[in-house]
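Letters A, B, ... mirror the listed sequences (proteins, then strands); counts begin at 1. These numbers come from a predicted model, not from an experiment.
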Amino acid sequence: MSDNNKNKVLFKVLRSVLTVLFAAVVTAVVFFTIKIIG
Amino acid sequence: MAELFDKIKTALPEILSSLTLLDGIIIAAFFVLFLSLFILLNKNNANKISVLFFIYVIIVSIICIASNTARAEYSLLITAFIICIVLLFATEIKRSVWNVKKPKTQNRDVANTVKSSAKTVTYNINEIIKALQTMSKNDVGAIIVLSNTKIPDNIISSGVKLNADISSALIESVFFPKTPLHDGALIIQNDKILSAGCFLPLSQETNLPKELGTRHRAGLGITETINVTAIIVSEETGIISIAQGGKITRYADSEMLRKILKEFYWQDLIGQR
């Protein structure tokens, strides 16, 4: 696999991880806020 | 601010210790909802909206905790933003719902329907490239859609069904200026020229360079809607462009065309033989 392809794969993986992280943080924030104010 | 932190600090252990199965289901549902939302935004190059939504949720949550806002009002503020995103990307959501099974079945469809040999595949690739290069040299405008998935019937029936073998002479004849079919798209499905003179949906992208005309917009439009590759020859400049997944690559030479044709269109077929 060339360096260019490796970078592309790495970038895709990083993007996916970041997306999951974003979703997890937002979920946690929304859930805990609802619990705290509720 | 200190009060807010104290409030969160005292509330968090209580919430964590009293988590129930229902809470787990609610968390899972929230996670799926937000993950789908972020994936949708990510696929449509709207990462700025993702970041904006992230910041919005944090700020709204802090304000609501600090001011003891009612749960209903907080939910409304979050839901309003989600509805805005859904409305903004209504077309993309519809498209992803329609295409939900396509990537998995795509190769299987080709394997079931195409019985051509590797030799025929190579011949077809050569014929397509030959036609494209001749048209490019003579500044003849053309748009060819390569597909190994099912093309919507309204697109096929907007042109003239040919169901002919691939040949450079036929492709060049279809796009010869002043002939009835030259203005539409030629659709190649598997190893057949399925239809010619077809009307394609135009891309509504506003950031396209001015030198890209309606033909390029049509090429982009179809690749935004379904999983196909469009090859466009510019009538003004003879430049060959390749559109895939709503993105266009200009100045395609024969090597690039061969690579695209092999990778996207025929690779699985050759691999099976």
Whatever's closer than 4.5 Å to a heavy atom in chain A on Ala70(B) counts as backbone

Would Ser234(B) and Thr237(B) count as having a side-chain donor-acceptor pair, cut-off 3.5 Å?
yes

Residue among Val57(B), Val32(B), Ile62(B) with most heavy-atom pairs under 4.5 Å to chain A
Val57(B)

For chain A, which candidate among Phe30(B), Phe31(B), Phe53(B) shows the most heavy-atom pairs at distances under 4.5 Å?
Phe31(B)

Atom group of Leu19(B) that falls short of 4.5 Å from chain A, counting heavy atoms
side chain

With a 4.5 angstrom heavy-atom cut-off, which part of Leu35(B) approaches chain A: side chain, backbone, both or neither?
both

Quick check: do Phe31(A) and Asp23(B) have side-chain heavy atoms less than 4.5 Å from each other?
yes

Checked Ile58(B), Ile26(B), Leu12(B), Ile78(B) vs chain A; the most non-hydrogen pairs under 4.5 Å come from Leu12(B)

Out of Ile36(A), Val29(A), Ile37(A), Thr27(A), which one racks up the most heavy-atom pairs below 4.5 Å with chain B?
Thr27(A)

Set out, in order, the CA-CA distance, both residues' side-chain angles and the distance that settles side chain to side chain donor-acceptor pair (under 3.5 Å) for Gln244(B) and Thr223(B), then state yes or no.
CA-CA 6 Å; Gln244(B) 273 182 321; Thr223(B) 60; over 6 Å; no

Kindly give the heavy-atom pair with the smallest separation between Phe22(A) and Ser50(B), and that separation in Å.
CE2-O, 4.1 Å

Report the C-alpha distance between Tyr251(B) and Ser241(B) in whole Å, list the side-chain angles of each, state the deciding distance to 0.1 Å, and finish with yes or no for side chain to side chain donor-acceptor pair (under 3.5 Å).
CA-CA 6 Å; Tyr251(B) 303 101; Ser241(B) 309; over 6 Å; no

Is there a side-chain contact between Val60(B) and Tyr56(B), using heavy atoms and a 4.5 Å cut-off?
yes

Under 4.5 Å from any heavy atom of chain A, what part of Leu33(B) do you find: side chain, backbone, both or neither?
neither

